[in-house]
*Asks:* 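If you scroll down you'll find the structure; I have some questions about it.
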Amino acid sequence: MFEGPVQDLIDELGRLPGVGPKSAQRIAFHLLAADPVDVSRLQEVLQKVKEGVRFCEVCSNVSERERCRYCSDARRDPTIVCVVEEPKDVLAVERTREFKGRYHVLGGALDPLAGVGPDGLRIRELLARLGGTGPAQDETDIAEVIIATDPNTEGEATATYLVRLLRDFPGLSVTRLASGLPMGGDLEFADELTLGRALSGRRAL
């Protein structure tokens, strides 16, 4: 254990996803040795992120404005919505260049062991969009919902739950990414070719 602020910094860094104790210690001492200008720049960027970044009013993706770039783009197809867990998954799908519709970011996946239930996700907002009462006035005729949750236990549970809810919407096609993605992984780690094939070969549920 180090003394005072140094240990506090290590502890806070260790709370970040994917950062273990040794990595947190290395980052902390890197920051201690860094030029004060660089540290100040990092502080400013973190502050801007907290103060200036919001969630899109339509799809809940991160955005600088009320609507993200995808929901604001008139060239995107408003009749197809791809449901993902996190904003990072939007980027993963975009890298395939196979999808030209809009997104809906749930903000996670069902995980009872971690205390995450349906009310902890943006499922109500998805149902509102499908019911024509969402913020986007041009989404009155959504024809297909692609469920692109992660191919792991939590993602599959979330997909199953959504299918049960969405089957009550008349005329709505509900599809799931085709098999081929490695089970137990995250969508963001799938290569563009594999994810693109899974998207273009999606199966009806």
Side-chain angles (χ1 to χ4, degrees), residues 16-18 45-46 48-50 52-110 121-130 134-152 154-159 161-163 166 172-205:
L16 297 174
V45 171
L46 290 173
K48 286 180 181 178
V49 167
K50 291 302 294 181
V53 176
R54 62 181 73 182
F55 292 104
C56 174
E57 66 174 3
V58 177
C59 73
S60 298
N61 188 23
V62 291
S63 176
E64 290 185 293
R65 300 173 296 277
E66 288 187 354
R67 297 195 179 187
C68 71
R69 69 176 71 176
Y70 309 113
C71 292
S72 301
D73 190 346
R75 296 169 297 180
R76 310 284 299 203
D77 186 352
T79 68
I80 305 177
V81 174
C82 181
V83 178
V84 297
E85 294 181 20
E86 303 285 356
K88 58 183 174 58
D89 300 323
V90 172
L91 295 181
V93 175
E94 281 297 298
R95 285 198 299 267
T96 69
R97 300 184 180 181
E98 290 283 344
F99 183 66
K100 303 302 179 184
R102 291 183 178 171
Y103 294 94
H104 187 86
V105 182
L106 294 172
L110 294 176
L121 304 178
R122 298 184 182 97
I123 294 176
R124 283 192 299 269
E125 291 82 351
L126 174 62
L127 299 180
R129 292 176 70 180
L130 295 174
Q137 299 301 312
D138 59 344
E139 288 189 339
T140 56
D141 296 308
I142 295 177
E144 181 183 2
V145 170
I146 304 170
I147 300 178
T149 51
D150 287 342
N152 54 31
E154 293 80 12
E156 291 299 327
T158 305
Y161 181 81
L162 289 175
V163 169
L166 302 183
L172 179 67
S173 173
V174 182
T175 57
R176 182 83 166 110
L177 296 182
S179 57
L181 294 173
M183 285 299 297
D186 291 343
L187 212 63
E188 65 172 322
F189 297 130
D191 65 86
E192 288 89 340
L193 181 60
T194 301
L195 183 53
R197 288 174 174 171
L199 188 62
S200 61
R202 58 190 181 272
R203 64 188 190 278
L205 298 175

*Asks:* Side chains of C59 and R129: does their closest heavy-atom pair fall under 4.5 Å?
*Replies:* yes

*Asks:* Do R95 and L91 make a side-chain contact, defined as non-hydrogen atoms from C-beta onward lying under 4.5 Å apart?
*Replies:* yes

*Asks:* What distance do T79 atom OG1 and D141 atom CG have between them, rounded to the nearest 0.5 Å?
*Replies:* 8.5 Å

*Asks:* Could you tell me whether a side-chain N or O of R102 sits under 3.5 Å from a main-chain N or O of P78, the two making a donor and an acceptor?
*Replies:* no

*Asks:* Looking at residues at least two apart in the chain, or sitting in another chain, which of them share a side-chain contact (heavy atoms from CB on, under 4.5 Å) with E98?
*Replies:* T96, L199, S200

*Asks:* I'd like to know if the side chain of H104 and the backbone of E125 have a donor-acceptor N/O pair within less than 3.5 Å.
*Replies:* no

*Asks:* What pairs with R76 under salt bridge (charged side-chain N to carboxylate O under 4.0 Å, His left out), at least two apart in sequence or on another chain?
*Replies:* E94

*Asks:* Search all heavy atoms of R122 against all heavy atoms of S60 and return the closest pair with its distance.
*Replies:* CD-OG, 2.9 Å

*Asks:* Regarding E156 and R176, does a basic nitrogen lie under 4.0 Å from an acidic carboxylate oxygen?
*Replies:* yes

*Asks:* Without swapping roles, check the side chain of S173 against the backbone of A143 for a donor-acceptor pair under 3.5 Å.
*Replies:* no

*Asks:* Can you find a heavy atom in the side chain of D150 that is under 4.5 Å from one in the side chain of D89?
*Replies:* yes

*Asks:* Going through the checks in order, is the side-chain contact (heavy atoms from CB on, under 4.5 Å) test met by R75 and K100?
*Replies:* CA-CA 8 Å; R75 296 169 297 180; K100 303 302 179 184; over 6 Å; no

*Asks:* With sequence neighbours excluded, what pairs up with Y70 under the ring pair (Phe, Tyr, Trp, His ring centres under 6.0 Å) test?
*Replies:* Y103

*Asks:* Looking only at heavy atoms, which two atoms of T175 and E144 are closest? And how far apart?
*Replies:* OG1-OE2, 2.8 Å

*Asks:* Could you tell me if the side chain of L162 sits less than 4.5 Å from the side chain of L126, heavy atoms only?
*Replies:* yes

*Asks:* What's the shortest heavy-atom distance between A109 and L121, and which atoms?
*Replies:* N-CD2, 3.7 Å

*Asks:* Indicate yes or no: at least one non-hydrogen side-chain atom of L205 is less than 4.5 angstrom from one of L166.
*Replies:* no

*Asks:* Any idea which heavy atoms bring T149 and G155 closest together, and the distance?
*Replies:* OG1-O, 2.9 Å

*Asks:* Within the supplied structure, the quantity of interest is the number of heavy atoms (other residues, nucleotides, ligands) at a distance under 6.0 Å from K88 NZ; does it exceed 12?
*Replies:* yes

*Asks:* If you count every heavy atom of other residues, nucleotides or ligands that lies below 6.0 Å from E66 atom CD, does the total exceed 12?
*Replies:* no

*Asks:* Rounded to the nearest 0.5 Å, what separation is found between the CD atom of E154 and the OG1 atom of T158?
*Replies:* 7.5 Å

*Asks:* Is there a side-chain contact between N61 and S63 (heavy atoms, below 4.5 Å)?
*Replies:* no

